[in-house]
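In each ligand, atom 1 is the first atom listed, and ligand 1 is the first ligand listed.
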Amino acid sequence: MALGQRVGDTMILSIESSCDDSSIAITEISTKKLIYHKKISQELEHSRYGGVVPELASRLHALALPAILEECKPWFGQLKAVAVTNAPGLGVTLIEGVVMAKALSLSLNIPILPIHHLKGHIYSLFIEKEAIFPLTVLLVSGGHTQLIVAENYDTMETIATTMDDSFGESFDKVAKMMSLGYPGGPVIEKLASNGDKSKFVFTVPLWQSPLIAFSYSGLKNQVRLAIEASTPVDYPNIAAAFQQTAIEHLTQKLKKYFKTHKPKNFAIVGGASANATLRSNIEILLAQYSASLLLAPLEFCSDNAAMIGRCAIEAYDRGDFSQINDIAIHPRCKL
Ligand code: KG4
Ligand code: ZN
């Protein structure tokens, strides 16, 4: 049988372009099976700037998304809807995905499912699986650091958020200070594995505050001062102490929250959930409560369209379709 020609299967094509990853997936609605997934990352292009340059990201999406879409043509006849991340993210990159979704909607005569990027990250846990709720979620990415209580698809509440930088962003900024390129998370984690975390002492953000909230800009400045003060610069030890403090901040606040809200099912999602030290520290914490830890496969931690497609199945079942003229982008949009 020809590729994409199975009779009777109905599918959703999903598009993700909220930041610097161009990705398209095709998901079978009835089985939740991921039929096709491709992602083109722009890390190399942004690396020389030490962070994502929105205008450049937008132009790269305009090249990458049509190239990926070309490969999806065999399934066009089976598509029942097109899903697209429309919030939150960079305005100039979200629009690339949304415009493509509108064009597909018009030409294939299928409805559009607008998907919230953060909900998509939560559904990265359930790719090709049934969802598990209720769930307490730590979402750590380049744009967000949030503690979320997800009762189900429709009811998700943000309990705590960052007051300034996000967890992943602080790794990116520290990597930039060390001229290590972008994204900073994986390189800092690798550097830290060769360092001694006890050689530098950084104050854990908000450790005396009763607030359940996050903050990373002060820690970033502590790291900057340490870099300026050490000659030659002791990169591995600074990276190890920074990573330890950044993670300790998360675990301290979680401990505080767990005093009144015992966890049962706990998940870490988002690009920075790939960090092995973060995973193991939270695993140790959860063991005290006999709570289980849910994680997405490593390939689906960072931005991807497979998680958008999985989330879109729920939206499809609810009939959450948007008219072509109604769908708008929302660069800043809470869950
Ligand atoms: O979810 P994601 O792909 O994009 C956003 O929605 O922001 O997350 C990317 C972020 C970047 O800031 C990157 O440095 C961080 O996740 N990250 C990590 C690790 N891998 C990626 N941060 C810490 N440790 C890692 N291993
Ligand atoms: Zn993301």
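- Using modelled atom types, no side-chain atom of His117 and backbone atom of Gly89 make a donor-acceptor pair closer than 3.5 Å.
- The closest approach between any non-hydrogen atom of Gln243 and ligand 1 is not below 4.0 Å.
- When hydrogens are left out, the protein atom nearest atom 26 (N) of ligand 1 is Glu189 OE1, 2.8 Å; that is the closest non-hydrogen contact.
- Ring planes of Phe200 and Phe202: parallel class, angle under 30° (limits at 30 and 60°).
- Of all protein heavy atoms, the one lying nearest to atom 8 (O) of ligand 1 is Gly271 CA, 3.3 Å.
- Counting only non-hydrogen atoms, the option in Asp172, Ile188, Leu118 that gets closest to atom 11 (C) of ligand 1 is Asp172.
- Scanning all protein heavy atoms for the shortest distance to atom 9 (C) of ligand 1 gives Gly142 N, 3.8 Å.
- Taking Arg59 as the reference, Glu55 meet the side-chain hydrogen bond (donor to acceptor under 3.5 Å, both in side chains) condition, with sequence neighbours excluded.
- Residue-ligand proximity: His121 is placed with a non-hydrogen atom under 4.0 Å from ligand 1.
- Considering Tyr216, Phe167, Phe171 as possible partners of Phe242, the one that fulfils the ring-ring contact (aromatic ring centres under 6.0 Å, His included) test is Phe171.
- From the protein, the heavy atom lying nearest to atom 3 (O) of ligand 1 is Asp303 N, 3.0 Å.
- A 6.0 Å sphere centred on CG of Leu44 holds no more than 12 heavy atoms belonging to other residues, nucleotides or ligands.
- Annotation: side chain of Phe76 is in contact with side chain of Leu69 (closest heavy-atom distance under 4.5 Å).
- No hydrogens or angles considered: a donor-acceptor pair under 3.5 Å links the side chains of His37 and Ser23.
- By the criterion of a heavy-atom distance under 4.0 Å, neither the backbone nor the side chain of His144 is placed next to ligand 1.
- Counting the atoms of ligand 1 from 1 in the order shown, those under 4.0 Å from a heavy atom of Phe171 are 23 (C).
- Heavy-atom contacts of His117 reach the following atoms of ligand 1: 6 (O) (cutoff under 4.0 Å).
- Among all non-hydrogen protein atoms, the one lying nearest atom 24 (N) of ligand 1 is Asn275 ND2, 3.0 Å.
- Annotation: the span from Ile313 atom CD1 to Lys33 atom NZ amounts to 12.0 Å, rounded to 0.5 Å.
- Residue contact check for ligand 1: Gly184 places a non-hydrogen atom closer than 4.0 Å to it.
- For ligand 1, the atoms closer than 4.0 angstrom to any heavy atom of Ser141 are 1 (O), 5 (C), 6 (O), 7 (O), 8 (O), 10 (C).
- Around atom CD of Gln323, no more than 12 heavy atoms belonging to other residues, nucleotides or ligands sit under 6.0 Å away.
- For the Zn ion (ligand 2), protein N, O or S atoms closer than 2.8 Å were enumerated as His117 NE2, His121 NE2, Asp303 OD1, with waters left out.
- Stacking of Lys119 on the aromatic ring of Tyr153 is recorded, both the 6.0 Å distance cut-off and the 45° axial limit being met.
- When Gly185, Ala276, Ala274, Gly168 are checked for heavy-atom proximity to atom 19 (C) of ligand 1, Gly185 turns out nearest.
- Other residues, nucleotides and ligands contribute only 12 or fewer heavy atoms inside 6.0 Å of the NZ atom of Lys176.
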